[in-house]
Amino acid sequence: MDAEDPNDDVQYHLGVGSDDVANAVLLPGDPDRVEKITQFWDDFEIRGAHREYRTATGSYDGAEISVTSTGIGSPSAAIAVEELARIGVDTFIRVGSCGAIQPEMDVGDLVITTGGVRQEGTSSEYVREDYPAVADQQVVMALIAAAERLGYDYHTGITMSADSFYAGQGRAGFEGFEARGAEEMIAELKDANVKNIEMEASAIMTIANIYGLRAGAVCTVYANRVTGEFRTEGEGRAAETASLAVKLLAKMDEAAKEAGADQWHPGLPLE
């Protein structure tokens with residue numbers, strides 16, 4: 001990689017080209033989660049490893065699928081979406097962990113995002129702040145169907161994406177520092193029926209919508225900020241659910257094509 005020309009096939013940050021990725025890519029934050037995701041696949045090969053970005057491509061139940069880690073936060077996630085879109089990716093599913101803010105949500109449950117509160121700043125550099133962060137309806141349906149088939153407990157709803165793990169999510173900083181409004185933030189979001197907090201989903205969905213691409217998110221609950229419960233439990237559930245969702249999306253696309261429809265809808269079969 002001798003240049004950062006966006007027209008180059010091999011992308012500057014990711015170090016992969018159009019032959020290295022499938023049309024659908026899972027987006028975990030942690031590079032170590034790549035292997036935790038590919039363990040559910042039939043086969044895979046590592047296609048790129050540069051900075052926080054690690055990419056693998058393989059198959060899940062016969063469907064082509066890729067995964068690219070994005071690192072922590074929306075700025076680096078936006079780079080991944082930009083560069084993957086330039087080499088032909090049309091479907092993005094954020095796969096990660098989150099903090100729940102509704103009391104009935106248990107550690108280990110899944111949260112399937114339908115829309116996002118854009119508290120991160122990255123998407124505001126793309127579009128006006130009142131532009132909504134919305135998950136693609138087919139991605140949401142595929143994630144729900146996958147969670148149902150796998151028997152995993154899940155919740156659907158609005159996700160808040162923050163730019164900071166500490167102050168931006170109402171946590172105390174160094175020596176107990178508390179950002180202005182931090183104490184009220186969780187209660188306000190809870191009252192508004194926001195389900196969870198993480199750091200990438202709203203930017204991924206916003207950018208994908210701007211470019212006419214599909215995006216969504218599924219995260220495993222590691223902590224409930226209301227009850228105080230915390231455990232790193234069920235990490236593989238989001239990975240397996242997202243992988244199966246890619247398979248189901250492929251079936252949806254095939255069914256829509258056979259029916260001559262613009263996109264899949266519940267009146268079309270999946271089998």
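Each residue takes its place number in the sequence, starting with 1. Just so we're clear, the structure is a prediction, and the values are computed from it rather than from any experiment.
No side-chain donor from either of Ser161 and Glu120 sits under 3.5 Å from a side-chain acceptor of the other. Donor-acceptor pairing under 3.5 Å is lacking for the side chains of Tyr53 and Gln11.
In this structure a side-chain-to-backbone donor-acceptor pair under 3.5 Å is missing from Ser18 to Ile87. A donor-acceptor pair under 3.5 Å is absent between the side-chain atoms of Glu125 and the main chain of Thr122, judged by distance alone. Looking at Ser76, its side chain does come within 3.5 Å of a backbone N or O of Thr70 through a donor-acceptor pair. No donor-acceptor pair closer than 3.5 Å links the side chain of Glu200 to the backbone N or O of Ser74. A distance-only check finds no donor-acceptor pair linking the side chain of Asp61 to the backbone of Leu244 [under 3.5 Å]. With hydrogens and angles ignored, the 3.5 Å screen pairs a side-chain donor or acceptor of Asn224 with a backbone N or O of Met105. Checking side-chain atoms of Thr156 against main-chain N and O of Ile112 turns up no donor-acceptor pair under 3.5 Å.
Residues Asp9 and Asp19 have side chains not in contact (no heavy-atom distance under 4.5 Å, counting atoms from C-beta outward). Using a 4.5 Å heavy-atom threshold, the side chains of Trp264 and Leu270 count as touching. For the pair Leu84/Leu27, a side-chain contact is recorded, criterion being any heavy-atom separation below 4.5 Å from C-beta on. Counting only heavy atoms from C-beta outward, the side chains of Leu110 and Thr220 approach each other to under 4.5 Å. Looking at heavy atoms from C-beta onward, Lys190 lies out of side-chain contact with Arg225 at the 4.5 angstrom threshold.
The distance from atom CG of Leu14 to atom CG of Asp20, rounded to the nearest 0.5 Å, is 10.0 Å. Separation of atoms CG (Asp163) and CZ (Arg118) is listed at 11.5 Å; rounding is to 0.5 Å. One distance of note links OG1 of Thr206 with OH of Tyr131; it measures 7.0 Å at 0.5 Å rounding. A distance of 11.0 Å separates CZ of Phe44 from OG1 of Thr57, quoted to the nearest 0.5 Å. In this structure, the separation between OH on Tyr60 and CD1 on Ile37 is 12.5 Å, given to the nearest 0.5 Å. Atom OG in Ser123 sits 11.0 Å away from atom CD1 in Ile204 (nearest 0.5 Å).
No more than 12 heavy atoms of other residues, nucleotides or ligands lie within 6.0 Å of CD in Glu64, so this atom counts as exposed by the packing criterion. Counting non-hydrogen atoms of neighbouring residues, nucleotides and ligands closer than 6.0 angstrom, the CD atom of Glu184 exceeds 12 such neighbours. Around the CD atom of Glu188, the shell of radius 6.0 Å holds no more than 12 heavy atoms that belong to other residues, nucleotides or ligands. Counted within 6.0 Å of CG on Asp262, heavy atoms from surrounding residues, nucleotides or ligands total 12 or fewer; the atom is thus considered open.
At a threshold of 4.5 Å between side-chain heavy atoms, the hydrophobic network of Ile, Leu, Val, Met, Phe, Trp and Tyr places Val139 and Leu268 in one connected group. Using a 4.5 Å cut-off between side-chain heavy atoms of Ile, Leu, Val, Met, Phe, Trp and Tyr, with links allowed through other members, Val25 and Ile207 fall into the same hydrophobic cluster. Met205 and Val140 fall into different hydrophobic clusters, defined by Ile, Leu, Val, Met, Phe, Trp and Tyr side-chain heavy atoms under 4.5 Å apart, directly or through other members. Tracing side-chain contacts under 4.5 Å through hydrophobic residues (I, L, V, M, F, W, Y), one never reaches Val16 starting from Val34; they form parts of separate clusters. Residues Ile144 and Met252 fall within the same hydrophobic cluster, defined by Ile, Leu, Val, Met, Phe, Trp and Tyr side chains chained together at heavy-atom separations under 4.5 Å.
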**OP:** Show your working on side-chain contact (heavy atoms from CB on, under 4.5 Å) between Ser69 and Glu52 and close with a plain yes or no.
**Re:** CA-CA 7 Å; Ser69 59; Glu52 64 265 52; 5.5 Å; no
**OP:** List the steps, then state whether side-chain contact (heavy atoms from CB on, under 4.5 Å) holds for Cys98 with Val221.
**Re:** CA-CA 5 Å; Cys98 67; Val221 173; 4.0 Å; yes
Original post:
Tyr222 and Glu198: side chain to side chain donor-acceptor pair (under 3.5 Å), yes or no, with the steps?
Top reply: CA-CA 11 Å; Tyr222 274 10; Glu198 51 81 80; over 6 Å; no
**OP:** Apply the test side-chain contact (heavy atoms from CB on, under 4.5 Å) to residues Asn193 and Lys195: give CA-CA distance (whole Å), side-chain angles for both, the deciding distance (0.1 Å), then the verdict.
**Re:** CA-CA 6 Å; Asn193 199 31; Lys195 301 298 184 184; 3.2 Å; yes
Original post:
Does the side chain to side chain donor-acceptor pair (under 3.5 Å) test come out yes or no for Arg33 and Ser97, once each step is laid out?
Top reply: CA-CA 11 Å; Arg33 282 192 177 142; Ser97 58; 3.2 Å; yes
Subject >> Residue pair Thr114, Ile158: steps toward the side-chain contact (heavy atoms from CB on, under 4.5 Å) verdict >> reply: CA-CA 6 Å; Thr114 57; Ile158 304 298; 3.9 Å; yes
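With respect to Asp253 and Arg214, a salt bridge is recorded, a charged nitrogen being found less than 4.0 Å from a carboxylate O.
Here the closest non-hydrogen pair linking Pro266 and Met141 is CG-SD, 4.3 Å. Of all heavy-atom pairs spanning Val246 and Ala24, the tightest one is CG1-CB, 3.8 Å. Contact detail for Pro103 and Thr227: the closest heavy-atom pair is O-CG2, 3.9 Å. Nearest approach of Ala135 to Thr113, heavy atoms of both residues: CB-O, 3.3 Å. Nearest approach of Val89 to Asn23, heavy atoms of both residues: CG1-O, 3.3 Å. Minimum heavy-atom separation, Val10 to Gly15: CG1-C, 3.9 Å.
Sorted by first and then second residue, the pairs that involve residues 101-111 and meet side-chain hydrogen bond (donor to acceptor under 3.5 Å, both in side chains), not counting sequence neighbours, are Asp109-His155. Applying the salt bridge (Lys or Arg N to Asp or Glu O under 4.0 Å) test to every pair with at least one member in residues 135-162, sequence neighbours left out, gives these pairs: Arg149-Glu271.
With a 4.5 Å cut-off between side-chain heavy atoms of Ile, Leu, Val, Met, Phe, Trp and Tyr, the cluster of Met199 takes in Ile72, Phe165, Tyr166.
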